[in-house]
Amino acid sequence: MLLIFGFRVRMKTVGTLVFFCPGCGGDRNGLRQVARRWFTFFFIPIIPLNVVGEVVRCETCSRTYRPDVLERPTTAALGQTLDNAIRALAVMIVGAGDRGSGPVRAKAVELVGSVAPGYGGDTLDSDLQVMDPGLATQYVAPLAEGLAPAGAERFLSDLVRVATAGGPMSAGQRQIIDDAGRTLGLSAAYVVGIIASAGGSSATPAAPPSAPASASDPTAPGTFQPPFADEESTPAPGLEHDPAAWSPPDPGSRIDDDRTEGA
């Protein structure tokens with residue numbers, strides 16, 4: 001009697017998700033799939049053996065990617081992170097200069113209002129009470145992977161316009177801008193060029209690199225304390241008063257539900 005046996009790999013869908021598909025160039029629905037080797041008898045899978053890998057499959061283009069593709073934020077998540085960074089750093093720029101400067105405050109309110117409708121002077125005052133300039137790079141870091149160079153340039157240019165609305169920027173404002181540019185992967189010369197083209201003075205001395213936070217520092221990245229968590233602060237309408245909204249997106253949170261297919 002002829003016996004036919006062998007091995008084959010079968011894909012099992014263990015979840016659905018939304019991710020940024022490099023092939024499509026945008027957010028797409030995808031499947032998280034696990035590949036497992038099976039022992040087959042007469043071509044029928046009988047015994048499940050070892051797991052040989054995991055992939056993410058795009059439901060639009062059918063391309064498969066390694067799970068680390070989920071480390072890149074979706075366009076929607078990147079947009080929310082960018083809005084948060086604009087608000088946070090604009091407030092820090094005001095706080096690092098003359099807080100009573102009318103032109104600087106007006107420019108900051110205009111900039112933040114473009115991403116948080118209804119933002120006003122009272123909300124700016126509330127934000128100034130809880131915002132720590134030492135956290136600037138923690139807002140910018142999640143943008144480093146997904147923000148295009150043109151977007152990074154516009155982001156810094158907007159901050160420069162806020163800082164210089166009432167005159168030359170202060171050393172503290174320059175440090176915030178330099179730190180943001182460095183975190184986005186821009187060279188010091190590139191940042192100087194952005195400052196000059198946005199109307200700032202390139203003669204303003206560049207601030208020295210910020211010292212890394214120690215492990216015991218409560219503002220260290222591992223113990224990130226998001227702003228607007230103070231119950232007495234007044235966030236702008238449309239911006240969640242939720243500390244989780246100020247945390248970098250977790251790729252695992254993009255899984256909508258689990259389902260299984262196949263044996």
Side-chain angles (χ1 to χ4, degrees), residues 72-73 75 78-117 119-121 123-125 127-128 131-213 219 221 227 236 246 248:
R72 179 169 183 171
T75 301
L78 184 64
Q80 181 61 56
T81 302
L82 177 60
D83 291 350
N84 292 342
I86 289 173
R87 175 174 179 171
L89 268 72
V91 173
M92 293 176 189
I93 289 291
V94 175
D98 180 4
R99 296 189 176 201
S101 173
V104 172
R105 291 174 60 89
K107 196 67 176 178
V109 168
E110 176 186 345
L111 175 60
V112 179
S114 67
V115 298
Y119 194 87
T123 313
L124 173 61
D125 289 332
D127 289 352
L128 283 168
M131 191 61 64
D132 179 6
L135 299 178
T137 58
Q138 296 185 27
Y139 285 98
V140 179
L143 301 173
E145 291 293 329
L147 194 60
E153 182 173 340
R154 178 177 177 181
F155 175 70
L156 290 185
S157 296
D158 287 340
L159 295 179
V160 172
R161 294 187 184 98
V162 173
T164 59
M169 71 177 72
S170 68
Q173 291 170 329
R174 176 62 187 268
Q175 178 172 349
I176 292 172
I177 292 171
D178 284 343
D179 288 347
R182 188 181 306 110
T183 304
L184 289 172
L186 305 180
S187 67
Y190 196 174
V191 174
V192 169
I194 292 173
I195 292 173
S197 65
S201 174
S202 59
T204 304
S210 301
T219 64
W246 290 84

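Atoms CE and CD1, from Met169 and Ile176 in turn, are 10.5 Å apart once rounded to the nearest 0.5 Å. Rounding to the nearest 0.5 angstrom, the gap separating the CD1 atom in Ile93 from the OG1 atom in Thr164 is 9.5 Å. Put simply, CZ on Arg87 and CG on Leu124 are 9.5 Å apart, with the number rounded to the nearest 0.5 Å.
A 4.5 Å side-chain heavy-atom check between Arg182 and Val191 finds every atom pair outside the cut-off. At a threshold of 4.5 Å between non-hydrogen side-chain atoms, the residues Leu156 and Leu186 count as touching. A 4.5 Å side-chain heavy-atom check between Gln138 and Asp132 finds every atom pair outside the cut-off. With a 4.5 Å cut-off on side-chain heavy atoms, Ile195 and Arg174 count as touching. Side-chain contact between Asp127 and Val112 is absent, with no heavy-atom pair separated by less than 4.5 Å.
Nearest heavy atoms, Thr81 versus Pro142: CG2-CB, 3.7 Å. Residue Pro133 comes nearest to Met92 through the heavy atom pair CA-SD, 3.7 Å, listed as atom of the first residue, atom of the second, then distance. Across all non-hydrogen atoms, the minimal contact from Leu128 to Arg105 is CD1-NH1, 4.1 Å. Nearest heavy atoms, Gly146 versus Leu78: O-CD2, 3.5 Å. When every heavy atom of Phe155 is checked against every heavy atom of Ala180, the shortest pair comes out as CE2-CB, 4.5 Å. The two residues Gly166 and Val104 make their nearest non-hydrogen contact at N-CG2, 3.6 Å.
Applying the salt bridge (Lys or Arg N to Asp or Glu O under 4.0 Å) definition to pairs two or more places apart or across chains, those involving residues 160-169 are Asp158-Arg161.
Panel note: side chain Thr137, backbone Asp179; no donor-acceptor pair is recorded below 3.5 Å.
Taking the side-chain hydrogen bond (donor to acceptor under 3.5 Å, both in side chains) definition, one finds that Ser101 meets it with nothing, sequence neighbours left out. Scanning for salt bridge (charged side-chain N to carboxylate O under 4.0 Å, His left out) contacts around Asp98 gives an empty result, with sequence neighbours left out. Every residue meeting the side chain to side chain contact (heavy atoms under 4.5 Å, CB included) condition with Ala141, not counting sequence neighbours, appears here in chain and number order: Thr183.
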